[in-house]
Enquirer: 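Please find one structure pasted underneath; my questions will follow.
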There are 2 protein chains.
Amino acid sequence: MPQAKATIYTVARAAGVSAQTVSRVLNGTGQVSEKTRAAVRAAIEAQGYRPNTVGRSLRASRTPMIGVLVADIGNPFYARLHRAIERRLAGSGYSLMLMNCDDDAQIERRQLDLLRSYRPAGLVIVPSVGSSLDETDLRAFGHVVSVSRVLDDVHVPAIVTDEREAVAAAAAELLALGHTEIAMILGPPEASTTRARAAGFHAAVAGRPGCRGHARHTDGTRAGGEAAAGELLGTHPGVTGMIGFNALVTEGIVSAVRTAGRACPDEVSVIGFTDAGWMTLYQPAISVIDQPVEEMGALAGRLLLDLAAGESVDPGPWVVPSTLIRRGSVAPPATTKESRT
Amino acid sequence: MPQAKATIYTVARAAGVSAQTVSRVLNGTGQVSEKTRAAVRAAIEAQGYRPNTVGRSLRASRTPMIGVLVADIGNPFYARLHRAIERRLAGSGYSLMLMNCDDDAQIERRQLDLLRSYRPAGLVIVPSVGSSLDETDLRAFGHVVSVSRVLDDVHVPAIVTDEREAVAAAAAELLALGHTEIAMILGPPEASTTRARAAGFHAAVAGRPGCRGHARHTDGTRAGGEAAAGELLGTHPGVTGMIGFNALVTEGIVSAVRTAGRACPDEVSVIGFTDAGWMTLYQPAISVIDQPVEEMGALAGRLLLDLAAGESVDPGPWVVPSTLIRRGSVAPPATTKESRT
DNA sequence: CTGAAAGCGCTTACAG
DNA sequence: CTGAAAGCGCTTACAG
C-alpha cells in the first residue's frame, strides 16, 4: 500500500537506516552491505517510493534535463530532431524540455529565460533567424550545442550538414544534365543555412561558364516558396531546374510548377531539401538532398552527455553529410532531349 | 555586471531588505511599498538575478510544468498538438515536458515515472495502444487530461473529436454518390480511436441496405495502410471508395491505389483523416476529415490551467467536431457515371 | 508594510 | 560500511 508521501526519510525509518544510506542505495554510490540494501529496497517497494528529481536538482544546483529550443515543432525536421535526441538520451536519466520560438528572437529569449529557471544540464538550440543571442547568453547555460543553424561569433559546438557541398553537387548534377538556367528558392537571408546553401548553388553555377543561376529569398514556408517559384517561372521562362530550400519550400515549388502549367520533370526539374513522406508519393517522386536529421540529433545528444560528464568537446563544426536521393523529378531539359531525338 | 550566483538572498542584501520581501516583489503577493519595490527591482537588475524554479518547486511540492506524453512526435498530429498546448500556456509560467513512448505500454510507464519525478502540475496524455495505465497511475499525477484516445474505466477529463459521426458522414457521402462497396483502413484494434471510427463506418453502411463495407486493421503506418489497401483492392475489385484512419494510412491508400493501376477518383475515391500539407499538393487533392488539432490542444491547455487553479472540470468527454473537407479525390463510382452517360 | 524561522527532498562533505 | 549536520533556493505560516 503506497504511502501518501514517501521520501527518503520515511523509507529510511522503515528500513531502520539513515537517509544517507537510502540515498546510497538509490544512486549506487559508496558501499552498502547486501543486507542493508535489501532492507532499503523492501521499504522502497512497500511505500511505493519514487525519487523526487526536484530535491535532487536543488541540491545539485543542476537539473537532469536538456532544453531543446527550435523554431517550430510543427516542422517535421525539428520533430525528428527532438525524437532523435530523446532516443539518444534514453536511459541516461535526462529529460528533454522542448520549446518553440516561432523563429522570433524575442520569444527565443523569453523561452530561454523560462528554460534557464530550471537550471538544466544543457541546451540544444536551433537559433532563430535574426537571433540576438550572444556567447554570454549561452554561456549562462553551461553546456550548449547548436544544430543546423549556427550563430555568428558564438563558440559552441555546432552540428551541421554539408549544405554548401550538397547543394553544389545537386546543382552541378542539373547543369551536367544540360540545364543552363536554374534557380534556388532559398530561406530568409539572415539564416546561416540560407547563406551556406546559396553559396553552394552559386559556386556550382560559377563552375559552368554560360550557365545562369537565379536565387530568391523567401520566409521558408510553402506559400513563400510557391510565390517565389511562380514569379520566377513567369519572368524567366528559360529556368528548367529548381532547388528548394527545405521541404515546405519544395512543396511550394512543386505547386507553382504545376500552376504554371509546366510538366515535371519534362519541362522543369525539381530537387528538394530534407526528405518527406509525400516526396515518394508525388508523381513524379521528388529527388531530394536528404539531410541526416536522426544522426544530427543523436550526435547532439551524445555531445551533451559528454559535456555533462565533464569531458571536453571539440567545437567542430561537426559536419554530418547529406545524400542526394535521385527520384523521378529530375531529367534533362526538354530542349536537350528534343535535339537528341 | 551580473553576479556569479544571484539568489533572493544576495538581492535582499543589496536592496537592504529581507528575502521574504524579494519574494513578494517577484510574485506580486502581499503589500510592498513603492520605494522598497524599486530598490528590489534595481538590485535584481544589477545582479542579473533570475528566479530558480527548482527552489520554488521544491517548496511548493509542485513544478510549474505540464507533461505531454504521446506516441510519436514525428507524427504531425502530435507535433501540432504540442504546439497548440504550448501556445495556450504561453505566459502562464508553465512549461511543457514532451515525451514519446513509441506506442509501447512499457515505455509509457517508464516515461511517466521519469516525468513524475519532476512533480509536474499536470499531464496531457495520449494513451498508448494497449496502455496498462489505470486510474491509480494517473491519479498519482494530480491533474490529467487525455486527448484523442481514451482509457477504458479511467475517469479523467477527455478531449476527443466526433470520430464516429465524422466517419459516418464521410462514408454516407460515398454511399450517397452511388458507391456500393467501400472500405475503411483502420488503425490497431485496441485503440479507442479505431473502435470509434470503425463504428461510424459500419453504422453508415448498415444504413444503406445492399451496400457492403470492408474494414481492415493496420498498425497505423503508411506501410501498413498500403499493404491493407493493396490486398483489399486485389481481393475485392468491387471496392470503389476507401477511407483512411489517419494521414499516414491515407498515404498508404493513395500509393496502393496507384500501384494497383486504379485511377483516383475515377475508379477509387479516397478520403483521409487529419489534414496534411501533401493532401492539397497531390493530384487529385485528397478529401479529408479534418481533425481540429489546434482546438483540442488549446482546450487541453485550458482545462489543465483550470484544474491547476483548483477549479473543478467536467470530465466530458469534450467533443470538438471534425469537418469534412471536400477536394478532388471523391467522385461517383465509374459504373454509375457510365450508366448515366 | 516588513522580517526571522522553518522546511520542501535530496546529496555533499565530514566523521566515525 | 554507516550516520548526523548542513545547505541547495525558495515560500509558507507566523509575528510584529
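Letters go in sequence order (proteins before strands), and every chain restarts at 1.
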Enquirer: From the set dG9(C), dT11(C), dG9(D), return the single nucleotide nearest to any side-chain atom of Lys5(B).
Expert: dG9(D)
Enquirer: Rounded to whole angstroms, how far apart are CZ on Arg50(A) and C1' on dC10(C)?
Expert: 17 Å
Enquirer: Within a radius of less than 6.0 Å around CD of Glu45(B), do more than 12 heavy atoms belonging to other residues, nucleotides or ligands occur?
Expert: no
Enquirer: Taking CZ from Arg13(B) and C1' from dT2(C), how many angstroms apart are they, rounded to a whole number?
Expert: 18 Å
Enquirer: Pick the closest DNA chain D nucleotide for Val32(A) and for Ile8(B) by heavy atoms, then say which residue is nearer the 5' end.
Expert: Val32(A)
Enquirer: Thinking salt bridges, do Arg109(A) and Asp113(A) make one under a 4.0 Å N-O criterion?
Expert: no
Enquirer: Can a salt bridge be assigned to the pair Arg87(B) and Asp102(A) using a cut-off of 4.0 Å between side-chain N and carboxylate O?
Expert: yes
Enquirer: In chain order, what residues pass the side chain to side chain donor-acceptor pair (under 3.5 Å) check against Ser92(A), with sequence neighbours excluded?
Expert: none
Enquirer: How would you list, by chain and number, every residue that makes a side chain to side chain donor-acceptor pair (under 3.5 Å) with Glu135(A), sequence neighbours excluded?
Expert: His155(A)
Enquirer: Which of the following nucleotides, dG9(C), dG3(D), dT12(D), is nearest to the side chain of Leu58(B)?
Expert: dG9(C)
Enquirer: Nearest whole Å is fine: how far is dG9(D) P from Tyr118(A) OH?
Expert: 17 Å
Enquirer: Assess whether side chain to side chain donor-acceptor pair (under 3.5 Å) is satisfied between Glu108(A) and Ser128(A), documenting all intermediate values.
Expert: CA-CA 7 Å; Glu108(A) 178 177 57; Ser128(A) 74; 3.0 Å; yes
Enquirer: The side chain of Asn27(A) is closest to which nucleotide in this list: dT11(C), dG9(D), dC10(C)?
Expert: dT11(C)
Enquirer: Can you sort out the partners of Arg149(B) under side chain to side chain donor-acceptor pair (under 3.5 Å), two or more places apart, ordered by chain and number?
Expert: Asp103(B)
Enquirer: Near DNA chain D, counting only heavy atoms under 4.0 Å, which residues of residues 33-40 of chain B show up?
Expert: none
Enquirer: Take the protein atom CD of Gln47(A) and the nucleotide atom P of dG9(C), then report the distance between them rounded to whole Å.
Expert: 13 Å
Enquirer: Side chain of Tyr9(B), heavy atoms from C-beta onward: which of dC10(C), dC1(D), dC10(D) has the nearest atom to it?
Expert: dC10(D)
Enquirer: To the nearest Å, give me how far apart CZ (Arg56(A)) and C1' (dC8(C)) are.
Expert: 16 Å
Enquirer: Step by step, work out the side chain to side chain donor-acceptor pair (under 3.5 Å) result for Arg119(A) and Ser57(A).
Expert: CA-CA 8 Å; Arg119(A) 304 297 186 264; Ser57(A) 301; over 6 Å; no
Enquirer: With side chains defined as the heavy atoms from C-beta onward, is the minimum distance between Ile44(B) and Leu26(B) less than 4.5 Å?
Expert: yes
Enquirer: Using whole Å, report how far CG of Leu26(B) lies from P of dG9(D).
Expert: 14 Å
Enquirer: Does Leu115(A) reach the side chain of Met99(A), with side-chain heavy atoms less than 4.5 Å apart?
Expert: yes
Enquirer: If you measure from the Lys or Arg side-chain nitrogens to the Asp or Glu carboxylate oxygens, is any gap between Arg37(B) and Glu34(B) under 4.0 Å?
Expert: yes
Enquirer: Measure CG/Asn52(B) against C1'/dC10(C) and give the value in whole Å, please.
Expert: 14 Å
Enquirer: DNA chain D: stems of at least 3 consecutive Watson-Crick or G-U pairs, cut-off 3.5 Å?
Expert: C:1-3 with D:14-16, C:5-12 with D:5-12, C:14-16 with D:1-3
Enquirer: Which residue, Thr21(A) or Val54(B), contacts DNA chain D at a nucleotide closer to its 5' end, judged by nearest heavy atom?
Expert: Thr21(A)
Enquirer: Would you mind telling me which residue lines up with the more 5' stretch of DNA chain C, Ala60(A) or Ser18(B), judged by nearest nucleotide?
Expert: Ser18(B)
Enquirer: Identify each atom pair where a protein N or O and an N or O of nucleotides 14-16 of chain C are less than 3.5 Å apart, giving names and distance.
Expert:
none

Enquirer: Between Thr7(B) and Asn52(B), is a side-chain contact (heavy atoms from CB on, under 4.5 Å) present by the stated rule, with each step listed?
Expert: CA-CA 8 Å; Thr7(B) 71; Asn52(B) 183 327; over 6 Å; no
Enquirer: From dA6(D), dC1(D), dT11(D), pick the nucleotide closest to the side chain of Arg59(A)?
Expert: dA6(D)
